[in-house]
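Numbering of ligands and ligand atoms starts at 1, following listing order. Remember, predicted model here, so these are calculated numbers, not experimental data.
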Amino acid sequence: MMRLFDSHAHVYDKQFDSDRDSMLKNVFRTVDYVVCPSENVETSRQTVALLPCYAGLYGAVGIHPHETKNATDEALQEIANLAKSDDKVVAIGEIGLDYYYFYSPKEIQKIWFEKQIELAKELDLPIIIHDREAHGDTFSILKKQASTKLRGIMHCYGGSVEMAKELMKLGFYISFAGPVVFPKSSKLKEVAKAIPLDRLLIETDSPYLTPPPHRGERNNPSYVRFVAEEIARLKQISVETVVEQTRQNALHIYQIKK
Ligand SMILES: [Zn+2]
C-alpha cells in the first residue's frame, strides 16, 4: 500500500465543486496526507472550512502573488486569524512572486511577499513559495529575511541546481509537480535528479499541471504517484523509497504529528 503525501493541492477549487467529497474520499484510499494551499482570504476560508471533514487534509492560508494587487492590512489580519484558528493550518501559502503573468505589479508583489514572510515567522510556520520567472528577487528576499524561524517549501520548483543548493541552506525543501513527468522537461529532470532525497517533496498542484498518462484531464492528489514514480526512475531507486522519504520530509516541514 502506498502512503503518499501530496504537499500541494488546491482542493477547494471550483473544478471540484461537482464531486469534491467523492474525489477526496477516493484520494484518501491511496494518499495519507494532502496539504491545501490558498490564494486569497476567500479561498483561505474555504480551505479552513474543509479541514475538519478529512483526517488527512491539512491547509495553508495566504495571498498568492497574482492576488496581491487587492491585498490590504485587513486581509493580512484575517489570514493571521485563520492561521491561528485551527491546528491543521500548517503553513502560510502560497506566497511569492510571479513575473510571468504580472497580474499584480512587481513592487506590490514584493511588499506582500515580505509581509507574509514576517507573519509566518511571527506564527512560527513554514512558507509555501510560488516563484515563476522571479528567481533573483525571490532569492534576495529570502536571504534578507533569513532567520532560524524562516523555513518552507519551493513549490513546483523551476530553478537551477545551484539556486536549490542555496535555498536548502536557508531551510527550504524543493518540491516537484507534474512538469517533472513531462517528456520534454529534460532540464527539470536533471535538477530533480540532483536534489538529495531528504530535501525533496512531491505534489500535484491539483487541479492544474496533470502529469502523463492523464494529461488533458483534471488533476487530483492521487496522481502524485506519477511524480513519485518519475523521481524514482530518475534517481534509480524504488518508488517505495521515494514515497516513504517524501512523506517523512513533508511531515517534518509541516510539523504534522502522526
Ligand atoms: Zn498552487
Both conditions, 6.0 Å and 45 degrees, for the charged tip of Arg247 above the ring of Phe5: are they met here? no
Row check, Phe172 ring normal vs Arg199 NZ/CZ: under 6.0 Å, within 45°: no
Has Lys69 got more than 12 heavy atoms of other residues, nucleotides or ligands less than 6.0 Å from its NZ? yes
Just to be sure I understand the site: which N, O or S atoms from the protein are less than 2.8 Å away from the Zn ion (ligand 1)? His8 NE2, His10 NE2, Glu94 OE2, Asp205 OD1
Do Val181 and Val242 belong to the same hydrophobic cluster, where Ile, Leu, Val, Met, Phe, Trp and Tyr are linked whenever their side-chain heavy atoms lie under 4.5 Å apart, directly or via other members? yes
Full working for side-chain contact (heavy atoms from CB on, under 4.5 Å) between Val41 and Ser44: CA-CA 5 Å; Val41 170; Ser44 294; 5.5 Å; no
Main-chain N/O of Ala9 paired to Thr204 side chain as donor or acceptor, under 3.5 Å: no
